[in-house]
Amino acid sequence: MKKSLVLIAFGIGLIFAGCQSTQKKQTKTENVEVEETTCAGQAGCASDCLSKHETEALNTLTEQEKADGWQLLFDGKTLNGWKGFAGNDISQGWVVRDGSLMSLGKGGDIGGDIITDKQYENFELKLEWRISHGGNSGILYGVIDDPKYGAVYYTGPEYQLLDDVGFPEKVEEWQLTGANYGMYTADKSKKKLQMVGCPAFNTARIIVNGNHVEQWLNGEKVVEFERWTDDWNKRKNEGKWKDYPDYGMAKVGHISLQDHGSYIWFRNIKIREL
(Lines give C-alpha, C1' and ligand atoms only; values in the text may rest on other atoms or scores of the structure.)
Protein backbone atom coordinates (compact mmCIF):
# COMPACT_ATOMS: atom_id res chain seq x y z
CA MET A 1 0.00 0.00 0.00
CA LYS A 2 2.85 2.38 0.90
CA LYS A 3 4.56 1.60 -2.42
CA SER A 4 1.31 2.35 -4.31
CA LEU A 5 0.92 5.66 -2.50
CA VAL A 6 4.47 6.61 -3.38
CA LEU A 7 3.88 5.82 -7.06
CA ILE A 8 0.63 7.80 -7.07
CA ALA A 9 2.29 10.76 -5.39
CA PHE A 10 5.16 10.61 -7.87
CA GLY A 11 2.69 10.59 -10.79
CA ILE A 12 0.80 13.56 -9.37
CA GLY A 13 4.09 15.36 -8.90
CA LEU A 14 4.97 14.86 -12.56
CA ILE A 15 1.60 16.17 -13.67
CA PHE A 16 1.90 19.18 -11.35
CA ALA A 17 5.40 19.93 -12.57
CA GLY A 18 4.17 19.84 -16.17
CA CYS A 19 1.44 22.35 -15.33
CA GLN A 20 3.57 24.69 -13.26
CA SER A 21 3.45 28.19 -14.70
CA THR A 22 6.42 29.65 -12.89
CA GLN A 23 9.16 27.80 -14.74
CA LYS A 24 11.72 30.15 -16.25
CA LYS A 25 14.41 29.82 -18.84
CA GLN A 26 17.55 31.77 -19.64
CA THR A 27 18.07 32.92 -23.20
CA LYS A 28 20.83 35.00 -24.70
CA THR A 29 20.42 37.86 -27.13
CA GLU A 30 23.50 39.64 -28.42
CA ASN A 31 25.50 38.37 -25.40
CA VAL A 32 22.81 39.67 -23.02
CA GLU A 33 20.99 37.21 -20.79
CA VAL A 34 17.24 37.70 -20.64
CA GLU A 35 15.05 35.87 -18.14
CA GLU A 36 11.63 35.01 -19.48
CA THR A 37 8.60 33.25 -18.09
CA THR A 38 7.18 30.34 -20.03
CA CYS A 39 4.13 30.72 -22.24
CA ALA A 40 1.70 29.74 -19.50
CA GLY A 41 2.84 32.66 -17.37
CA GLN A 42 3.07 32.65 -13.60
CA ALA A 43 0.64 32.92 -10.71
CA GLY A 44 -1.57 35.96 -11.21
CA CYS A 45 -0.58 36.36 -14.86
CA ALA A 46 -2.86 36.40 -17.84
CA SER A 47 -1.86 33.76 -20.37
CA ASP A 48 -0.06 34.74 -23.55
CA CYS A 49 -0.18 31.23 -25.03
CA LEU A 50 -1.02 31.69 -28.69
CA SER A 51 -2.31 29.17 -31.17
CA LYS A 52 -0.36 28.64 -34.39
CA HIS A 53 -2.92 30.75 -36.23
CA GLU A 54 -2.64 33.57 -33.67
CA THR A 55 1.16 33.46 -33.83
CA GLU A 56 1.07 33.70 -37.60
CA ALA A 57 -1.30 36.67 -37.30
CA LEU A 58 1.15 38.71 -35.21
CA ASN A 59 2.50 41.78 -36.97
CA THR A 60 0.04 41.46 -39.84
CA LEU A 61 -2.99 43.44 -40.97
CA THR A 62 -6.50 42.07 -41.28
CA GLU A 63 -8.45 42.80 -44.41
CA GLN A 64 -10.58 45.24 -42.41
CA GLU A 65 -7.50 47.05 -41.11
CA LYS A 66 -6.17 47.36 -44.64
CA ALA A 67 -9.51 48.77 -45.78
CA ASP A 68 -9.44 51.25 -42.88
CA GLY A 69 -6.02 52.53 -43.88
CA TRP A 70 -3.84 50.87 -41.24
CA GLN A 71 -0.16 50.23 -41.99
CA LEU A 72 2.45 48.14 -40.20
CA LEU A 73 5.36 49.92 -38.57
CA PHE A 74 7.05 46.61 -37.73
CA ASP A 75 7.02 43.45 -39.85
CA GLY A 76 7.98 41.10 -37.01
CA LYS A 77 11.17 40.01 -38.76
CA THR A 78 13.40 43.00 -39.47
CA LEU A 79 14.23 46.52 -38.26
CA ASN A 80 13.00 47.94 -41.55
CA GLY A 81 11.18 51.25 -41.15
CA TRP A 82 13.16 52.25 -38.05
CA LYS A 83 16.47 54.01 -37.46
CA GLY A 84 18.53 55.32 -34.59
CA PHE A 85 17.82 58.85 -33.40
CA ALA A 86 20.36 61.45 -34.56
CA GLY A 87 22.18 58.96 -36.77
CA ASN A 88 22.89 56.36 -34.08
CA ASP A 89 23.20 52.71 -35.11
CA ILE A 90 19.91 50.98 -34.36
CA SER A 91 21.48 47.50 -34.40
CA GLN A 92 23.58 48.26 -31.31
CA GLY A 93 20.60 48.37 -28.99
CA TRP A 94 17.58 46.79 -30.67
CA VAL A 95 16.86 43.34 -32.05
CA VAL A 96 13.95 41.36 -33.42
CA ARG A 97 13.18 38.46 -31.14
CA ASP A 98 10.24 36.04 -31.25
CA GLY A 99 8.16 38.45 -33.30
CA SER A 100 8.87 41.44 -31.05
CA LEU A 101 10.96 44.56 -31.47
CA MET A 102 13.11 44.38 -28.35
CA SER A 103 15.47 46.85 -26.69
CA LEU A 104 18.57 45.41 -25.08
CA GLY A 105 18.61 47.94 -22.25
CA LYS A 106 21.82 49.58 -23.38
CA GLY A 107 20.33 53.08 -23.56
CA GLY A 108 19.86 55.68 -20.88
CA ASP A 109 18.72 59.22 -20.37
CA ILE A 110 20.66 60.10 -23.52
CA GLY A 111 21.04 57.59 -26.34
CA GLY A 112 19.48 54.31 -27.41
CA ASP A 113 16.16 55.58 -28.75
CA ILE A 114 14.83 54.70 -32.20
CA ILE A 115 12.49 56.56 -34.55
CA THR A 116 10.40 55.78 -37.59
CA ASP A 117 11.81 56.54 -41.03
CA LYS A 118 8.62 58.40 -41.84
CA GLN A 119 7.14 61.45 -40.13
CA TYR A 120 3.49 61.81 -39.14
CA GLU A 121 1.10 64.67 -38.39
CA ASN A 122 -2.40 63.40 -37.58
CA PHE A 123 -2.57 59.69 -36.81
CA GLU A 124 -3.82 56.81 -34.70
CA LEU A 125 -1.12 54.48 -33.38
CA LYS A 126 -1.70 51.18 -31.65
CA LEU A 127 0.72 48.53 -30.38
CA GLU A 128 1.35 45.87 -27.76
CA TRP A 129 4.12 46.10 -25.16
CA ARG A 130 5.59 44.54 -22.06
CA ILE A 131 8.45 45.68 -19.85
CA SER A 132 11.04 44.10 -17.56
CA HIS A 133 11.16 44.41 -13.77
CA GLY A 134 12.03 47.96 -12.73
CA GLY A 135 11.76 49.03 -16.35
CA ASN A 136 11.32 52.50 -17.83
CA SER A 137 10.48 53.36 -21.44
CA GLY A 138 8.06 55.37 -23.53
CA ILE A 139 6.38 55.99 -26.86
CA LEU A 140 6.97 59.46 -28.27
CA TYR A 141 5.60 61.39 -31.22
CA GLY A 142 6.33 64.69 -32.92
CA VAL A 143 10.06 63.98 -32.55
CA ILE A 144 12.47 66.18 -34.51
CA ASP A 145 15.48 64.22 -35.72
CA ASP A 146 18.31 66.70 -35.31
CA PRO A 147 21.65 66.23 -33.51
CA LYS A 148 21.20 69.60 -31.79
CA TYR A 149 18.60 67.91 -29.59
CA GLY A 150 20.19 65.64 -27.02
CA ALA A 151 17.36 63.10 -26.95
CA VAL A 152 13.96 62.40 -28.44
CA TYR A 153 12.19 63.88 -25.40
CA TYR A 154 13.65 67.33 -26.08
CA THR A 155 10.93 67.70 -28.71
CA GLY A 156 8.56 64.73 -28.49
CA PRO A 157 5.70 64.32 -26.00
CA GLU A 158 5.80 60.90 -24.35
CA TYR A 159 3.31 58.18 -23.51
CA GLN A 160 5.07 56.83 -20.42
CA LEU A 161 5.76 53.11 -19.90
CA LEU A 162 7.03 52.04 -16.48
CA ASP A 163 7.07 49.24 -13.96
CA ASP A 164 4.73 51.22 -11.70
CA VAL A 165 5.20 48.85 -8.78
CA GLY A 166 8.81 47.77 -9.02
CA PHE A 167 10.59 50.88 -10.28
CA PRO A 168 13.52 51.38 -7.86
CA GLU A 169 13.13 55.14 -7.39
CA LYS A 170 10.32 57.32 -6.07
CA VAL A 171 8.15 58.61 -8.90
CA GLU A 172 5.39 61.17 -9.30
CA GLU A 173 1.98 60.45 -10.82
CA TRP A 174 3.05 62.09 -14.09
CA GLN A 175 5.84 59.51 -14.36
CA LEU A 176 3.62 56.43 -14.18
CA THR A 177 2.44 54.25 -17.04
CA GLY A 178 -0.12 55.87 -19.31
CA ALA A 179 0.74 59.43 -18.34
CA ASN A 180 1.68 62.09 -20.85
CA TYR A 181 5.06 62.40 -19.20
CA GLY A 182 5.55 65.57 -17.22
CA MET A 183 2.21 67.01 -18.37
CA TYR A 184 -0.92 64.93 -17.71
CA THR A 185 -1.43 62.05 -15.30
CA ALA A 186 -3.28 58.89 -16.29
CA ASP A 187 -6.75 58.25 -14.87
CA LYS A 188 -6.01 55.73 -12.10
CA SER A 189 -9.59 54.51 -12.00
CA LYS A 190 -9.22 53.18 -15.54
CA LYS A 191 -5.70 51.77 -15.34
CA LYS A 192 -5.36 48.00 -15.58
CA LEU A 193 -1.89 46.60 -16.18
CA GLN A 194 -0.52 43.14 -16.78
CA MET A 195 1.75 42.18 -13.89
CA VAL A 196 5.38 42.92 -14.75
CA GLY A 197 7.22 39.68 -15.43
CA CYS A 198 4.18 38.10 -17.05
CA PRO A 199 4.44 37.01 -20.66
CA ALA A 200 1.14 38.72 -21.52
CA PHE A 201 1.36 42.06 -23.32
CA ASN A 202 -0.39 45.36 -22.60
CA THR A 203 -1.92 47.47 -25.35
CA ALA A 204 -1.32 51.17 -25.98
CA ARG A 205 -3.10 53.51 -28.35
CA ILE A 206 -2.35 57.14 -29.17
CA ILE A 207 -4.57 59.45 -31.20
CA VAL A 208 -3.17 62.77 -32.40
CA ASN A 209 -5.54 64.85 -34.49
CA GLY A 210 -4.75 68.55 -34.70
CA ASN A 211 -4.76 69.92 -31.16
CA HIS A 212 -6.52 66.85 -29.77
CA VAL A 213 -4.60 64.01 -28.11
CA GLU A 214 -5.85 60.78 -26.52
CA GLN A 215 -3.88 58.03 -24.78
CA TRP A 216 -5.42 54.60 -24.22
CA LEU A 217 -4.17 51.74 -22.05
CA ASN A 218 -5.58 48.22 -22.34
CA GLY A 219 -8.77 49.43 -23.96
CA GLU A 220 -9.42 52.38 -21.62
CA LYS A 221 -8.86 56.06 -22.36
CA VAL A 222 -6.60 57.27 -19.55
CA VAL A 223 -5.47 60.68 -20.85
CA GLU A 224 -7.14 63.31 -23.05
CA PHE A 225 -6.09 66.90 -23.67
CA GLU A 226 -5.78 69.72 -26.18
CA ARG A 227 -2.32 70.87 -27.25
CA TRP A 228 -1.14 74.47 -27.37
CA THR A 229 -3.96 75.82 -25.23
CA ASP A 230 -3.43 78.16 -22.28
CA ASP A 231 -3.61 75.17 -19.94
CA TRP A 232 -1.09 73.18 -22.01
CA ASN A 233 1.32 76.11 -22.21
CA LYS A 234 1.08 76.69 -18.47
CA ARG A 235 1.89 73.07 -17.71
CA LYS A 236 4.84 73.17 -20.08
CA ASN A 237 6.28 76.49 -18.94
CA GLU A 238 5.94 75.82 -15.21
CA GLY A 239 6.88 72.17 -15.09
CA LYS A 240 9.29 69.55 -16.38
CA TRP A 241 9.62 71.12 -19.83
CA LYS A 242 10.19 74.76 -18.94
CA ASP A 243 13.80 74.58 -20.18
CA TYR A 244 12.91 72.75 -23.40
CA PRO A 245 11.52 75.45 -25.72
CA ASP A 246 10.86 73.10 -28.65
CA TYR A 247 9.13 70.43 -26.59
CA GLY A 248 5.76 69.51 -28.10
CA MET A 249 5.84 72.24 -30.73
CA ALA A 250 6.27 70.17 -33.89
CA LYS A 251 3.08 69.49 -35.83
CA VAL A 252 4.88 66.85 -37.91
CA GLY A 253 7.49 64.47 -36.54
CA HIS A 254 8.75 60.94 -36.02
CA ILE A 255 7.32 58.23 -33.78
CA SER A 256 9.92 57.04 -31.26
CA LEU A 257 10.40 54.03 -28.99
CA GLN A 258 12.61 54.65 -26.00
CA ASP A 259 15.41 52.52 -24.60
CA HIS A 260 15.90 53.94 -21.12
CA GLY A 261 18.13 51.14 -19.90
CA SER A 262 15.46 48.44 -19.69
CA TYR A 263 14.40 45.42 -21.66
CA ILE A 264 11.12 46.18 -23.41
CA TRP A 265 9.20 44.33 -26.08
CA PHE A 266 6.90 45.81 -28.75
CA ARG A 267 4.79 44.04 -31.34
CA ASN A 268 1.74 44.59 -33.57
CA ILE A 269 2.83 48.20 -34.13
CA LYS A 270 0.25 49.74 -36.46
CA ILE A 271 -0.59 53.25 -37.59
CA ARG A 272 -3.14 55.00 -39.75
CA GLU A 273 -3.02 58.59 -40.83
CA LEU A 274 -6.05 60.74 -40.12
Side-chain angles (χ1 to χ4, degrees), residues 27 29 34 36-42 44-62 64-66 68-82 94-105 113-116 120 123-133 135-141 158-164 176-179 186 190-208 214-223 255-260 262-272:
T27 57
T29 304
V34 181
E36 291 192 324
T37 54
T38 56
C39 178
Q42 54 192 22
C45 291
S47 174
D48 192 46
C49 295
L50 301 177
S51 67
K52 181 179 179 181
H53 174 73
E54 289 171 325
T55 300
E56 292 174 348
L58 288 175
N59 305 304
T60 62
L61 296 172
T62 66
Q64 186 60 56
E65 285 176 324
K66 292 176 183 178
D68 291 340
W70 288 95
Q71 296 180 320
L72 284 175
L73 287 182
F74 171 57
D75 63 13
K77 301 175 182 178
T78 71
L79 299 173
N80 293 345
W82 295 87
W94 293 78
V95 296
V96 177
R97 190 164 177 282
D98 297 332
S100 292
L101 180 55
M102 176 188 172
S103 76
L104 297 177
D113 305 328
I114 61 174
I115 59 174
T116 53
Y120 299 90
F123 61 88
E124 181 176 2
L125 173 74
K126 61 182 180 180
L127 55 77
E128 298 177 7
W129 64 275
R130 68 182 177 94
I131 199 166
S132 57
H133 287 286
N136 182 8
S137 182
I139 309 161
L140 297 90
Y141 57 89
E158 178 181 351
Y159 180 126
Q160 170 74 334
L161 305 177
L162 192 78
D163 177 359
D164 283 3
L176 297 177
T177 293
K190 296 181 179 179
K191 279 182 62 172
K192 296 178 181 178
L193 284 166
Q194 299 291 349
M195 188 166 63
V196 172
C198 293
F201 280 63
N202 296 280
T203 65
R205 180 178 167 212
I206 301 173
I207 299 173
V208 176
E214 295 179 15
Q215 295 182 184
W216 294 65
L217 174 64
N218 290 329
E220 296 286 348
K221 182 166 60 179
V222 294
V223 170
I255 307 294
S256 176
L257 302 178
Q258 189 179 56
D259 177 357
H260 212 296
S262 310
Y263 300 128
I264 187 162
W265 296 259
F266 296 98
R267 71 185 187 190
N268 285 334
I269 311 172
K270 304 176 183 182
I271 195 168
R272 66 171 175 174

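Counting from 1, the numbers follow the sequence of the chain as shown.
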Q: Please step through side chain to side chain contact (heavy atoms under 4.5 Å, CB included) for the pair Trp265 and Phe201, ending with a clear verdict.
A: CA-CA 9 Å; Trp265 296 259; Phe201 280 63; 3.9 Å; yes
Q: How many angstroms lie between CD1 in Ile269 and CG in Asn59, if you round to the nearest 0.5 Å?
A: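 It comes to 7.5 Å.
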Q: CG of Leu73 to CH2 of Trp82: how many Å apart, nearest 0.5 Å?
A: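 If we round to the nearest 0.5 Å, Leu73:CG and Trp82:CH2 are 5.5 Å apart.
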Q: Hey, could you give me the CG/CD1 distance between Asp259 and Ile114, rounded to the nearest 0.5 Å?
A: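 These two atoms lie 9.0 Å from each other.
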Q: Which value, rounded to the nearest 0.5 Å, describes the distance between Ile206 atom CD1 and Ile255 atom CD1?
A: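 So the CD1 of Ile206 and the CD1 of Ile255 are separated by 7.0 Å.
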Q: State which residues pass side chain to side chain donor-acceptor pair (under 3.5 Å) with Gln71; sequence neighbours excluded, sorted by chain then number.
A: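 Result, side chain to side chain donor-acceptor pair (under 3.5 Å) vs Gln71: none returned.
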Q: Glu65: what forms a salt bridge (Lys or Arg N to Asp or Glu O under 4.0 Å) with it, not counting sequence neighbours?
A: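 Only Lys126, Lys270 meet the salt bridge (Lys or Arg N to Asp or Glu O under 4.0 Å) criterion with Glu65.
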Q: Ignoring hydrogens and angles, tell me if any N or O in the side chain of Ser103 forms a donor-acceptor pair with the backbone of Ile264 under 3.5 Å.
A: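 Side chain of Ser103 to backbone of Ile264, a donor-acceptor pair under 3.5 Å: yes, one is there.
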Q: How many angstroms lie between atom CD of Glu128 and atom CG of Asn268, to the nearest 0.5 angstrom?
A: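 Atom-to-atom, Glu128:CD and Asn268:CG are 4.5 Å apart.
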Q: When you measure from the side chain of Asp68 to the backbone of Trp70, do you find a donor-acceptor pair of N or O atoms at a distance under 3.5 Å?
A: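 Looks like no, no N/O pair under 3.5 Å.
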Q: Give a yes or no answer on whether the side chain of Ser262 reaches the backbone of Asn136 with a donor-acceptor pair at less than 3.5 Å.
A: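 Looks like yes, one N/O pair under 3.5 Å.
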Q: For Ser256, give me all partners under side chain to side chain contact (heavy atoms under 4.5 Å, CB included), at least two apart in sequence or on another chain.
A: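 Asp113, Ile115, Leu140, Val143, Val152.
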Q: Determine whether a donor-acceptor pair (N or O, by modelled atom type, separation under 3.5 Å) exists between the side chain of Tyr263 and the backbone of Gly135.
A: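 No.
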Q: Does Gly178 offer a backbone N or O that forms a donor-acceptor pair with the side chain of Gln215 under 3.5 Å?
A: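 Between the backbone of Gly178 and the side chain of Gln215 there is a qualifying donor-acceptor contact (under 3.5 Å).
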Q: Just so I know, are the side chains of Leu125 and Tyr141 near enough to count as touching, which here means a heavy-atom distance under 4.5 Å?
A: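 Counting from C-beta outward, Leu125 and Tyr141 never come under 4.5 Å.
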Q: Going by the rule salt bridge (Lys or Arg N to Asp or Glu O under 4.0 Å), which residues pair with Lys190 if we only count those two or more places apart in sequence or in a different chain?
A: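 Lys190 satisfies salt bridge (Lys or Arg N to Asp or Glu O under 4.0 Å) with no other residue.
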Q: What residues, two or more places apart in sequence or in another chain, satisfy side chain to side chain donor-acceptor pair (under 3.5 Å) together with Glu124?
A: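 Result, side chain to side chain donor-acceptor pair (under 3.5 Å) vs Glu124: Arg205, Arg272.
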Q: If you measure from CD on Gln258 to CD on Gln160, what distance do you get to the nearest 0.5 Å?
A: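 So the gap between those two atoms works out to 7.0 Å.
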Q: Got a sec, which residues hit salt bridge (Lys or Arg N to Asp or Glu O under 4.0 Å) with Asp163, two or more places apart in sequence or on another chain?
A: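 So Asp163 forms no salt bridge (Lys or Arg N to Asp or Glu O under 4.0 Å) with any residue.
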